[in-house]
Peer 1: 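My questions all concern the structure below.
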Amino acid sequence: MRVNLRIPGPIPVPDDILAEMAHPMINHRGPEFKEMLFRVTDGLKQVFETKGDVFIMTTSGTGAMEASVVNTLSPGDRVLCVTVGAFGDRYGEIAAAYGAEVVRLEFPWGTAADPEKVREALRKDAKVKAVLVTHNETSTGVGNDLEAIAKAVHGASDALVLVDGVSSVASIPVRTDAWGLDVVATASQKGWMLPPGLAFVSLSQRAWKAHAVAKMPRYYFDASAYKKYFEIGQPPYTPGVSLYFALDLALKQLLAEGLPPVYARHKRIAQMTRDGLKDMGLSVFPDERAASETVTAVTVPEGVDAAKVVEALRAQHGVVIAGGQEKLKGKIFRIGHMGRVSSDEIRQTLTALAATLPKAVAARA
Ligand SMILES: Cc1ncc(COP(=O)(O)O)c(C=O)c1O
């Protein structure tokens, strides 16, 4: 049975895109691959809205975040980690693992980062070399105002803006050049409508300047290797070739639909999800003004065993949702709606949840 996969990634991949992966292997150092690499890179730049570089790495989102750090920083550099959840915390952990001095600017889980507080923190501390920020915090269902945060950073300092755009790019507008984002890291299994395995990383001119003096150890993720090989139409290392075929078609579809309609679709589906949950008497977990357009977090009602509900939805309705992570374990459900999601898929999710929750409450009583 095909399940209604409503976790916040990996997302269901449309059949035609999935089928592209059955393409026979080609020489990744041959002319066909070169043509495809140039074409998909051009498409990625359109989605990132950048004239700078975008590189494709065979890794997951965390690898892309690591690439953003090791390519721009040196051990001992001070970074401001703006965190509103588990993935924001992870960004700081990556920087710390490579020897950065990490100053955390934390906001309560379920709220968005306040750009004013970011500005204040930078005004007080001229030594910050980079600000690490999650665009869309998948663990809490919160969308940060990336444009306002980037503006606050640029208004207060010369710090680089490094962005975890894993669950935002291709679903929510990300204007890399216009907003002055120095590195944006994202991964294929989210709004790109692809299986996991590829990550996309952009670098601005300022990021390249930082790269020239950055001393963190790096090898596989060294952007200069990707740049050097790109000039001859090749990736530096054997890439996930099958995923490139899928990426080629996914980008064609995204760009043919047009980015504004893609973003509008995500916004509408997110609103429909929140409205449906509220109609059932449930509460959206985050501050609704900051509710994510790619994943909705909803508070588990009092007395309900969240894990049992998640399992009953899967086993009895073929609907797969996610629970909470870390301190939100057992406290929220998360419903993913990235990529080409139909209203029917959301309706089915809500109907299954409405049928399952009363039984979960009765079982406790
Ligand atoms: C916002 C965000 N950052 C980072 C990651 C980590 O990505 P990956 O699991 O692909 O390494 C995820 C994955 O869910 C995410 O949603």
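Below, all heavy atoms of this structure are taken into account, side chains as well, without hydrogens, waters or symmetry copies. Remember, it's 1-based here, ligands and their atoms both numbered in the order they're listed.
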Peer 1: Kindly state whether the ring of Tyr220 and the ring of Tyr237 have centres lying under 6.0 angstrom apart.
Peer 2: yes
Peer 1: Taking 4.0 angstrom as the limit and counting only heavy atoms of Gly61, give me the atoms of ligand 1 inside it, by number and element.
Peer 2: 7 (O), 8 (P), 10 (O), 11 (O)
Peer 1: For atom 12 (C) of ligand 1, what's the nearest protein heavy atom and its distance?
Peer 2: Phe87 CE2, 3.4 Å
Peer 1: Is there a path from Met65 to Val102 through hydrophobic residues (I, L, V, M, F, W, Y) whose side chains come within less than 4.5 Å of each other?
Peer 2: yes
Peer 1: Would Gln189 count as a polar contact of ligand 1, with the cut-off being nitrogen or oxygen pairs under 3.5 Å?
Peer 2: yes
Peer 1: Does the ring of Trp179 carry Lys151 above it, NZ/CZ under 6.0 angstrom from centre and within 45° of its axis?
Peer 2: no
Peer 1: Please list the nearest protein heavy atom to atom 3 (N) of ligand 1 with its residue and the distance rounded to 0.1 Å.
Peer 2: Asp164 OD2, 2.6 Å
Peer 1: I need the atoms of ligand 1 closer than 4.0 Å to a non-hydrogen atom of Asn136, numbered in the order shown.
Peer 2: 1 (C)
Peer 1: May I ask you to check whether Arg90 has an N/O atom sitting below 3.5 Å from an N/O atom of ligand 1?
Peer 2: no
Peer 1: Between ligand 1 and Thr134, is the shortest N or O to N or O distance under 3.5 Å?
Peer 2: no
Peer 1: What about Val262 and Val47, same hydrophobic cluster or not, with Ile/Leu/Val/Met/Phe/Trp/Tyr joined at side-chain heavy-atom distances under 4.5 Å?
Peer 2: yes
Peer 1: Would you please indicate yes or no on a ring centroid separation below 6.0 angstrom for Tyr226 and Phe221?
Peer 2: no
Peer 1: For ligand 1, indicate whether the residue Met65 contacts it via side chain, backbone, both or neither (heavy-atom separation under 4.0 Å).
Peer 2: side chain
Peer 1: Side chain to side chain donor-acceptor pair (under 3.5 Å) with Glu20: which residues, sequence neighbours excluded?
Peer 2: none
Peer 1: Out of all atoms in ligand 1, which are within 4.0 Å of some heavy atom of Ser167? Include the element for each.
Peer 2: 1 (C), 16 (O)
Peer 1: Give the residue and atom name of whichever protein heavy atom lies nearest to atom 13 (C) of ligand 1, and the separation in Å to one decimal.
Peer 2: Lys190 NZ, 3.2 Å
Peer 1: With a 4.0 Å cut-off on heavy atoms, is Glu137 touching ligand 1?
Peer 2: no
Peer 1: List every atom of ligand 1 that sits less than 4.0 Å from any heavy atom of Ser60, numbering the atoms from 1 in the order shown and giving each element.
Peer 2: 8 (P), 10 (O), 11 (O)
Peer 1: Hey, is Val166 touching ligand 1 through its side chain, its backbone, both or neither, going by heavy atoms under 4.0 Å?
Peer 2: side chain
Peer 1: Heavy-atom contacts with Thr138 under 4.0 Å: which atoms of ligand 1 show up? List them by number with element.
Peer 2: 1 (C), 2 (C), 15 (C), 16 (O)
Peer 1: Taking the ring of Trp109 and the ring of Phe285, is the distance between their centroids below 6.0 Å?
Peer 2: no
